Amino acid sequence: MKSYYIAALVVFFFNWCYIGKAANDEGSGASFIFGDSLVDAGNNNYLSTLSKANIQPNGIDFKASGGNPTGRYTNGRTIGDIIGDELGIPNYAVPFLAPNSTGKAILHGVNYASGGGGIMNATGRIFVNRLGLDVQIDYFNITRKQIDSLLGPSKARDFLMKTSIFSVTIGANDFLNNYLLPVLSIGARISESPDTFVNDLINHFRDQLTRLYRLDARKFVIGNVGPIGCIPYQRTINQLNEDECVELPNKLALQYNAKLKDLLTELNENLPGATFVLANVYDLVLDLITNYKKYGFTTSSKACCGNGGQFAGIIPCGPTSSMCSDRDKHVFWDPYHPSEAANLIVAKKLLDGDTKVISPMNLRQLRDH
């Protein structure tokens, strides 16, 4: 089996990354996007990796490319793309590894996300190459110096601190493509309890977010880990019914999420001038999966594009995959990633939702904060 989309095990929960107020000058702000395959807009196109989405029929509904694949792991727009469109933003954040991520283009924002990436550097090694969060922040440090050159140090600080949004969509790969992956992690799981692994994640993430703060990031949106035991891949390999989810991944996600909430409270208190917003992706997405009919979907268990098992959840979406005709009626595009229709619902809740979904403020409020 080609494993290259398992990168996405992070499910669409995290995909919400914010596009910011990109416009034609530095005064309008920008979006700097960090994370995994659910917010990757094409960085993995430039890596020798097993995790790629620049093959058909990915992108079939992405109007900006005329329906051609761009490296986005979905049929259309990511949640970040949709948020930008909802705010009337003309530009999407450019992938850092793309040739056009130079000059004034970076003042609209830059996307560093990579399919298979995680908080821990070992996460996603099954794909050979991917950009972990440490490397993504290394790359932002390069961008940071370029912004200094474009604007001058004083304007650059104002641009980053006052008008830029930093979104981080990461964590689920650390479970599904690290701790829970038997081939790679059996030794770690024998020697490291779930509590210890979650604490390691949180401690590493604290250092990473603090590093971004020291590089003048101030407005942060952090997504917690969604119900990763409910994706078609997990339901298929565990031979579950359509209304069942795998217990252990969800239990680990909830354990991590509780610690993440405490971490962001701590950072809000200890880093002067910073605002860390928590997107409660777990509850938001579980509601979408559980009550899919209410949202106009016909299934939240079967992938639109894929093969294998009753939920088409084993073989990733590619040119030889079967594909549904009603893409807007499926919560999942492929065994791991949401459809554009699902992304649209999540994006709107993150833009304008109350504190049950995103706290202490929503994305529109954070932009104006």
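As the structure is a computational prediction, the values presented were derived from the model and not from experiment.
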Any side-chain heavy-atom pair of [X] and [Y] under 4.5 Å:
X: W333; Y: M323; result: yes
X: I82; Y: K348; result: no
X: V331; Y: Y295; result: no
X: L160; Y: R144; result: yes
X: N270; Y: T210; result: no
X: D36; Y: T169; result: yes
X: N44; Y: F127; result: no
X: T298; Y: Y292; result: no

Run the salt-bridge test on [X] and [Y] with the 4.0 Å N-O cut-off and return the result as yes or no.
X: R211; Y: D207; answer: no
X: K349; Y: D287; answer: yes
X: K356; Y: D283; answer: no

How far apart are the C-alpha atoms of N224 and N280, what are their side-chain angles, what is the distance that settles it, and do they pass the side-chain hydrogen bond (donor to acceptor under 3.5 Å, both in side chains) test?
CA-CA 6 Å; N224 65 14; N280 183 9; 3.2 Å; yes
Quick check, are the ring centers of Y112 and Y139 under 6.0 angstrom apart?
no
So, do F140 and F166 have ring centers that fall under 6.0 Å from each other?
yes
With no hydrogens and no angle check, is any side-chain donor or acceptor of [X] less than 3.5 Å from a backbone partner on [Y]?
X: D174; Y: M120; value: yes
X: R130; Y: V128; value: yes
X: D40; Y: G42; value: yes
X: D334; Y: G306; value: no

Determine the minimum heavy-atom distance between [X] and [Y], stating which atoms define it.
X: L288; Y: F297; result: CD1-CE1, 3.7 Å
X: K219; Y: R367; result: NZ-O, 3.2 Å
X: V225; Y: A253; result: CG1-CB, 3.6 Å
X: N343; Y: P338; result: OD1-CG, 3.0 Å
X: F96; Y: S101; result: O-OG, 2.7 Å
X: C230; Y: N250; result: SG-ND2, 3.6 Å

Test item: side-chain donor near acceptor, N362 and D352, under 3.5 Å
no
Check whether the side chains of S339 and N75 place a donor and an acceptor atom closer than 3.5 Å, and report yes or no.
no
Tell me which one of P249, P335, P227 satisfies side chain to side chain contact (heavy atoms under 4.5 Å, CB included) with Q234.
P249
Could you tell me the separation between the CD1 atom of I231 and the OG atom of S300, rounded to the nearest 0.5 Å?
13.0 Å
What distance separates C245 SG from L286 CG, expressed to the nearest 0.5 Å?
6.5 Å
Under the salt bridge (Lys or Arg N to Asp or Glu O under 4.0 Å) test against E340, which residue among R77, R327, K63, K329 passes?
R77
Where at least one partner belongs to residues 319-369, residue pairs that pass disulfide bond (SG atoms under 2.5 Å apart), sequence neighbours excluded:
C304-C324
Where do D81 and T78 land on the side-chain hydrogen bond (donor to acceptor under 3.5 Å, both in side chains) test, with the steps shown first?
CA-CA 5 Å; D81 297 331; T78 67; 3.2 Å; yes
Y179 vs F197 aromatic rings, parallel, tilted or perpendicular, using cut-offs 30° and 60°?
parallel
Following the transitive rule for hydrophobic clusters with a side-chain heavy-atom cut-off under 4.5 Å over Ile, Leu, Val, Met, Phe, Trp and Tyr, establish whether I137 and V135 coincide in one cluster.
yes
Walk me through it: do R72 and T70 pass the test side-chain hydrogen bond (donor to acceptor under 3.5 Å, both in side chains)?
CA-CA 6 Å; R72 287 167 170 82; T70 62; 3.1 Å; yes
